[in-house]
Amino acid sequence: HSGAVSGKSSLSKNLFNLMLPSIARHFAQNVALKNHVNSKHSVRVFSNHYGSRKAKEANNEDDLHRILMDSPPPSYSKLVAHEWRSDTGVGDMVFKAHGKDQYLVVEAKLLKKNWSQKLREEKVREQANRYGRDWKRMHPSASVKYATFTNRDGLVSLGELPEKI
């Protein structure tokens, strides 16, 4: 009689071990779906497009700057640069994580509903990447992430720059 119980137990363990890869794959797919934002493979690191509700009320890019400066992104409480100059142009904002050598470079754009919106979206992503790289060159040992802040999507992270660029 006790052999039957142990047989059942071993069958349950075997069944569980067979299902484990499927469970793990399902979990990984759900996480990937939650992190996937668009075809450019942006990853949300700020819950629910951080600041998007207020950003929708912006009338111009100065409003977007004020909104983000008044409510800095989570974990990046200190604004360290605003409309800063680099070799490639003028970046919008850079925030620093409290007590860490971690920066978030943010490029803000007001997206209007017209035929050129896709071009502006692409341009803001390119600018965020370019100014992120500029900041990384200025702070080579720091961790540098870059993001966009628009009236349509709020704050969306585009990634972290590699150690060497």
Side-chain angles (χ1 to χ4, degrees), residues 24 27-165:
F27 178 76
Q29 287 170 344
N30 282 340
V31 169
L33 282 173
K34 286 180 182 174
N35 286 336
H36 181 73
V37 174
N38 62 27
S39 63
K40 298 286 186 200
H41 303 292
S42 305
V43 176
R44 287 185 192 144
V45 293
F46 311 102
S47 63
N48 196 19
H49 289 283
Y50 181 81
S52 61
R53 186 176 301 143
K54 285 187 176 181
K56 288 182 189 326
E57 300 167 8
N59 294 313
N60 54 48
E61 288 180 18
D62 287 340
D63 287 351
L64 287 172
H65 289 219
R66 270 192 296 284
I67 289 165
L68 202 53
M69 290 187 295
D70 288 348
S71 297
S75 303
Y76 295 91
S77 57
K78 185 177 181 185
L79 177 70
V80 294
H82 180 240
E83 295 184 348
W84 57 282
R85 189 162 294 285
S86 76
D87 292 341
T88 63
V90 178
D92 287 339
M93 295 169 276
V94 180
F95 295 88
K96 186 177 190 303
H98 180 72
K100 297 178 181 171
D101 201 18
Q102 296 176 348
Y103 296 94
L104 176 66
V105 176
V106 179
E107 189 63 26
K109 280 283 180 276
L110 191 72
L111 300 176
K112 297 177 183 170
K113 293 186 181 211
N114 61 27
W115 66 270
S116 67
Q117 182 170 335
K118 287 286 183 207
L119 292 174
R120 285 183 64 81
E121 288 176 37
E122 191 174 309
K123 180 180 178 185
V124 71
R125 283 192 295 268
E126 287 172 9
Q127 286 178 315
N129 182 303
R130 181 174 68 229
Y131 296 131
R133 288 179 177 281
D134 290 348
W135 193 263
K136 179 68 174 177
R137 278 191 279 281
M138 295 163 52
H139 301 86
S141 64
S143 166
V144 177
K145 294 181 179 178
Y146 57 105
T148 58
F149 187 60
T150 67
N151 55 309
R152 200 189 72 214
D153 295 325
L155 191 64
V156 177
S157 174
L158 300 177
E160 183 170 353
L161 292 163
E163 265 189 55
K164 292 186 179 189
I165 55 170

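Values below: every heavy atom of this structure, side chains too, minus hydrogens, waters and symmetry copies.
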Return the [atom1] to [atom2] distance between [X] and [Y], rounded to the nearest 0.5 Å.
| X | Y | atom1 | atom2 | answer |
| --- | --- | --- | --- | --- |
| T148 | E121 | OG1 | CD | 9.0 Å |
| L161 | H139 | CG | NE2 | 13.0 Å |
| N60 | L110 | CG | CG | 7.0 Å |
| L64 | E57 | CG | CD | 11.0 Å |
| L104 | L79 | CG | CG | 10.5 Å |
| S157 | K145 | OG | NZ | 6.5 Å |

If you take all heavy atoms of [X] and [Y], which pair is closest and at what distance?
| X | Y | answer |
| --- | --- | --- |
| T150 | A55 | O-CB, 3.5 Å |
| S77 | P72 | O-CG, 3.8 Å |
| W84 | M138 | CZ3-SD, 3.9 Å |
| A128 | L158 | CB-CD1, 4.0 Å |
| V124 | A108 | CG2-C, 4.4 Å |

Which one of D62, D63, D70 satisfies the salt bridge (Lys or Arg N to Asp or Glu O under 4.0 Å) criterion with R66?
D63

Classify the angle between the aromatic ring planes of H65 and H82 as parallel (below 30°), tilted (30 to 60°) or perpendicular (above 60°).
perpendicular

Start with the C-alpha gap between L68 and Y76, add the side-chain angles, then the distance that decides, and say whether side-chain contact (heavy atoms from CB on, under 4.5 Å) holds.
CA-CA 11 Å; L68 202 53; Y76 295 91; over 6 Å; no

Under the criterion side-chain hydrogen bond (donor to acceptor under 3.5 Å, both in side chains), which of E160, K136, Q102 is the partner of S143?
E160

Under the salt bridge (charged side-chain N to carboxylate O under 4.0 Å, His left out) definition, can you give me all pairs with a residue in residues 78-98, not counting sequence neighbours?
none

Give a yes or no on whether K56 atom NZ has more than 12 heavy-atom contacts from other residues, nucleotides or ligands under 6.0 Å away.
yes

In Y146, Y103, F95, the residue satisfying ring pair (Phe, Tyr, Trp, His ring centres under 6.0 Å) with W135 is Y103

Among side-chain atoms of R133 and N129, is any donor-acceptor pair under 3.5 angstrom?
yes

Counting distance only, does the side-chain N/O of Y131 pair as donor-acceptor with the main-chain N or O of V90 below 3.5 Å?
yes

